[in-house]
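Heads up: the structure comes next, in structure tokens.
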Amino acid sequence: MSLRTGANALVLHDDRCFAPDPAVRRIARDLYGETRGLPIVSPHGHVDPRLLAENTPFSDPASLIVTPDHYITRMLHSQGIPLEALGIPRRDGAAVEADPRKVWQLFAAHVDLFLGTPTGYWLDHELHDVFGIRVRLTADTALHVYDAIAERLRSPEFLPRAVFERFNIAVLATTDAATDSLEHHRAIRASGWEGRVIPTFRPDVLLQIASPSWRDAILALAAADGKPLTSIGDFVTALAVRRTFFRNMGATATDHGVVEPVTETLPAEEIERIFQRGLAGAATAADQRRFQAHVLMEMARMSIDDGLGMQLHAGALRDHDTQVFEQFGADRGGDIPVAVEFTRNLRPLLNAFGHDPRFTLVLFTLDESAYSRELAPLAGLYSAVRLGAPWWFHDSMQGMARYRAQTTESAGFWNSAGFTDDTRAFCSIPARHDLARRMDANFLGGLVARHVLSRHAAGGVARALAYDLAMKTYKLAPTSRTS
């Protein structure tokens, strides 16, 4: 039997993710048809800008699809597969699997782990629509699929910039440390290529004053600023200078990852004492909580001054698996959701800045219970607040459905920020946006079928959710590529 027939065939149904109700499905299909071709706006993600600066061929299918995607490596590791066997580099430099064909074969042998997950959906879309694969990935077809992808990766049409253009990406924002030189962004600009790739200012490590690595981060900030940082005033000024640098390089937003979104303005003497304890290596966890709360207030104030929108990702306990962190470092899929309180924690910040027309605060959470209880009511009250898209564990078919069901009645559609794919896996970007557009079309189709929305109104909302709201929230001025 041919690899492309029968059970081996990889076929994507045109109506995937739509409701089985024929009335809803028909409307959803039409709405999706109006948004599927819109340019992709990716205002928050983790693609390495080096990829687009150097524009060299992708090395192999495993390092492109498997190794950088912690959705994939996390699931495989949960079934006892060592990260070393997936080619994930160790911090101590010990040997890991270096043969990408073996990594791919191992991945393919366990691909059924992703059935029913968003990763499985994205993978099928990526194989079918990006690489033209028409056979399902299994242990038996693994090397056939690998070779087919590898052959495509050697062609000019699969150079990173060509893929960027084929994906119809209007804007791609990376996430960059506050002390980053942005050399790759500089290289992209200097190349004359018209693809729009912008940085995002992320100062997280500089807020972790109790961390052993904080002093190194402060030294890096001082080096970037060109002067020593001996007081909290020096620190805040240096952050403002770095923000200006990022803004001049095209940034339109900052990003802050916190476990809990505490905000508070501390008396000058107290915040100075905490800063000095940090410089002495004596800051405590309690100091860090208050330091972070104070600096978030400073970040909001700076946003009003420089126009950078503020993103706040709360509810992720980072690097929960200490062994994985110690052996492989951060961002290896070890984040776990925790319960979060927003209403009281954000009250100081929102009372100070929540109605300032110059301020935008985009709120993300891994605590879904906060959607209807806190986030939607906050967005429905404060003009500065926008609801971030379902994130990390919830950027899935069911997660997106729950998000719309729990937020729309309190916040409406216009207080959301559009979709963000939040991905390191470059070739999964169109799959993630496709899923979001399908799920929003399906939700709107249900409202039209119930005669809650007119078909005309639903069309306008579908476009806004797919494109307009992200452009507006992140202050992304249209260009010739964003039409």
Side-chain angles (χ1 to χ4, degrees), residues 44-46 66-92 94 96 107 110 113-114 116-119 122 175 177 202-214 216-217 255-262 283-289 291-293 296 311-342 345 363-371 374-375 388-396 398-399 402-403 420-425:
H44 174 81
H46 302 278
V66 179
T67 307
D69 193 336
H70 60 208
Y71 287 80
I72 289 177
T73 58
R74 182 181 193 275
M75 179 68 84
L76 294 173
H77 190 57
S78 77
Q79 289 288 306
I81 297 172
L83 292 179
E84 291 93 339
L86 299 171
I88 306 298
R90 289 177 57 101
R91 298 175 83 172
D92 61 8
V96 302
F107 164 54
H110 294 85
L113 293 174
F114 301 100
T117 70
T119 305
W122 300 330
T175 302
R202 187 163 189 167
D204 285 1
V205 66
L206 293 166
L207 275 63
Q208 296 164 1
I209 196 168
S211 168
S213 62
W214 185 76
D216 289 339
D255 185 50
H256 310 271
V258 297
V259 178
E260 52 179 341
V262 183
T284 66
D287 287 334
Q288 180 166 305
R289 186 175 188 272
F291 183 76
Q292 174 185 284
L296 287 179
Q311 299 175 98
L312 193 60
H313 286 77
L317 182 59
R318 304 287 183 175
D319 303 312
H320 188 276
D321 190 326
T322 303
Q323 181 178 349
V324 168
F325 173 73
E326 290 176 348
Q327 293 179 352
F328 298 94
D331 299 323
R332 293 301 178 189
D335 303 348
I336 299 293
V338 296
V340 182
E341 197 283 329
F342 286 90
N345 281 331
L363 297 177
F364 297 83
T365 188
L366 291 185
D367 181 4
E368 286 187 308
S369 67
Y371 282 159
E374 299 184 69
L375 292 186
W391 163 51
W392 207 155
F393 293 91
H394 308 310
D395 55 353
S396 61
Q398 298 297 344
R402 291 191 297 269
Y403 171 84
T420 56
D421 51 70
D422 189 41
T423 187
R424 290 172 173 78

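No hydrogens, no waters, no symmetry mates; every other heavy atom, side chains included, goes into these values.
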| query | Going by heavy atoms in the side chains, are Ile88 and Thr67 under 4.5 Å from each other? | reply | yes

Worksheet entry | Contact check, side chains of Trp122 and Asp395, non-hydrogen atoms, under 4.5 Å | yes

Hits for salt bridge (charged side-chain N to carboxylate O under 4.0 Å, His left out) against Asp287, two or more places apart or cross-chain, chain-then-number order -> Arg277

By salt bridge (charged side-chain N to carboxylate O under 4.0 Å, His left out), Arg289 pairs with (sequence neighbours left out) Glu260

Between Asp319 and Gly329 the two heavy atoms that sit nearest each other are OD1-O, 4.4 Å

Rounded to the nearest 0.5 Å, the NE2 atom of His394 sits from the CD atom of Glu368 at a distance of 4.0 Å

dist Asp321:CG -> Gln327:CD (nearest 0.5 Å) comes out at 8.5 Å

Nearest heavy-atom approach of Asp421 to Gly45 is OD1-CA, 4.4 Å

Value for OG1 (Thr175) from CG (Asp204), rounded to nearest 0.5 Å, stands at 9.5 Å

Margin query: Measuring only between side-chain heavy atoms, which start at C-beta, is Val205 closer than 4.5 Å to Asp216?
Written below: no

Here the gap from Ile81 atom CD1 to Phe107 atom CZ, rounded to the nearest 0.5 Å, amounts to 10.5 Å

CZ (Arg332) and CZ (Arg74) are apart, to the nearest 0.5 Å, by 14.5 Å

With sequence neighbours left out, the residues meeting salt bridge (charged side-chain N to carboxylate O under 4.0 Å, His left out) with Glu374 are none

Min side-chain heavy-atom separation Pro337-Trp392 under 4.5 Å: no

Residue set satisfying side-chain contact (heavy atoms from CB on, under 4.5 Å) with Pro68, at least two apart, ordered chain then number -> none

Contacts of Phe291 meeting ring pair (Phe, Tyr, Trp, His ring centres under 6.0 Å) (sequence neighbours excluded), chain-then-number -> Phe235

For this session: State, yes or no, whether a side-chain contact exists between Leu76 and Leu113 at a heavy-atom distance under 4.5 Å.
Result: yes

Exercise for the section: May I ask you to check whether His70 and Asp331 show a side-chain donor-acceptor distance below 3.5 Å? Expected result: no

For Val340 and Val259 the tightest heavy-atom approach is CG2-O, 3.8 Å

Check for me whether Arg424 meets the cation-pi criterion with Tyr71, that is, NZ or CZ under 6.0 Å from the six-membered ring centre and within 45 degrees of the ring axis. no

Beyond-backbone contact of Asp335 with His320, side-chain heavy atoms, under 4.5 angstrom:
no

Contacts of Arg90 meeting salt bridge (charged side-chain N to carboxylate O under 4.0 Å, His left out) (sequence neighbours excluded), chain-then-number -> Glu84, Asp92

Note: Ala283 and Ala210 closest approach over all heavy atoms is O-CB, 3.7 Å

Closest non-hydrogen contact found for Gln288 with Leu207 is CG-O, 3.8 Å

- With side chains defined as the heavy atoms from C-beta onward, is the minimum distance between His313 and Trp391 less than 4.5 Å? yes

Note: Asp69 and Ala425 closest approach over all heavy atoms is OD2-CB, 3.8 Å

Rounding to 0.5 Å, atoms NE2 (His44) and CD (Gln311) come to a distance of 5.5 Å

So Leu312 and Leu296, do their side chains get closer than 4.5 Å, heavy atoms only? yes

Backbone N or O of Asp422 within a donor-acceptor pair of the Thr420 side chain at under 3.5 Å?
no

Problem - Backbone of Tyr371 reached by a side-chain donor or acceptor of Tyr403 within 3.5 Å - result: no

